[in-house]
Amino acid sequence: MRACHIQYVLLLSLLGFFPRSGTLTCHKGIMMKLGSGFSKTAVEWKSFESKKGEPKEICQETLLLIDVGNKSLLLGSKGSSNPGEKKTKNIQLFSRGPGIVAASYVHFCDTELCNNANSTSVLLDPLSLADSPELGTTQCPVCLQFQGFCSHNSNFVFCPKGTHCYTSDLTLQGGELNTTFSIDGCLLSPDKFLLKKQTSIGIFSAVELSVLQNVDSLSHILIPSTLLTWMLGLRPLLSPSFTEICPLS
Ligand SMILES: *[C@@H]1O[C@H](CO)[C@@H](O)[C@H](O)[C@H]1NC(C)=O
Ligand SMILES: *[C@@H]1O[C@H](CO)[C@@H](O)[C@H](O)[C@H]1NC(C)=O
Ligand SMILES: *[C@@H]1O[C@H](CO)[C@@H](O)[C@H](O)[C@H]1NC(C)=O
């Protein structure tokens, strides 16, 4: 029992959970912009609302940028978040190009109105993206649209050297957003997944349904990244040493 208790304390502190009283006011709002040039030029990212969270909740702001060439997408959310989140500020560059660019800015904090970034420059300024690429001979469709609006046989472009065709449906949920985008473009080889099988980005949970194109047979295999993560990631938890269940008290 004692060992059990210690495990719990360790687990909770690893998760960044420290009891705190009172409620925090956080900026609140979502942003969804489909346009072009968002990986080059910063745009305003403001909330026009603020809201008191539940006791012990902290504030968050999450921004995801995807750029496929002449089209780009910004998804942002500001608001309260559950208290289990660790205080962090974190920029991730999933793909720096050439070809598709994907990057995120995530900030969890615990002071009044601390989720106060007001421009996408918080993400763009620290990024170093690939220079204008030398084109290769591979041609791929390029598209970034709400799910169902990409026709995979139009808009072919010559891809940068060292990239291959990539096609996926990407679903992002959480922070008051729930949306799916279809993405076609040129992705740096040998990457198969744009988000590197990551299943959460700040407040968003992400499901990337990537179509692996088998050039020989022209067959398409759908692989949801969450399934892979489940198979690869949860296995250790199912091993005998983790089967003991500790009561929460
Ligand atoms: C944007 O936020 C920064 C710091 O978060 C602040 O210094 C700056 O004045 C803000 N700019 C505007 C236009 O509100
Ligand atoms: C983007 O590129 C495609 C292929 O080159 C072209 O057909 C399309 O018109 C471009 N879109 C914009 C908005 O420039
Ligand atoms: C998100 O949207 C899908 C499709 O509209 C729906 O099936 C699903 O239940 C929604 N999820 C949440 C958490 O709202």
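Both ligands and their constituent atoms are indexed starting at 1 by order of listing.
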Provide, to 0.1 Å, the distance between atom 11 (N) of ligand 3 and the closest protein heavy atom, together with that atom's residue and name. N178 ND2, 2.9 Å
Checking the side chain of S47 only, and the main-chain atoms of E49 only, is there a donor and an acceptor separated by less than 3.5 Å? yes
Less than 2.5 Å separating the SG atoms of C159 and C186? yes
Keeping to residues at least two apart or across chains, list the ring pair (Phe, Tyr, Trp, His ring centres under 6.0 Å) pairs with something in residues 120-150. F146-F181
Is the shortest distance from atom 5 (O) of ligand 3 to a protein heavy atom below 4.0 Å? no
Indicate yes or no: does K197 engage E208 in a salt bridge with an N to O separation below 4.0 Å. no
Would you say atom 2 (O) of ligand 3 has a protein heavy atom nearer than 4.0 Å? yes
Considering only the protein, which heavy-atom contact is closest to atom 13 (C) of ligand 3, and what is its distance? Q173 OE1, 3.5 Å
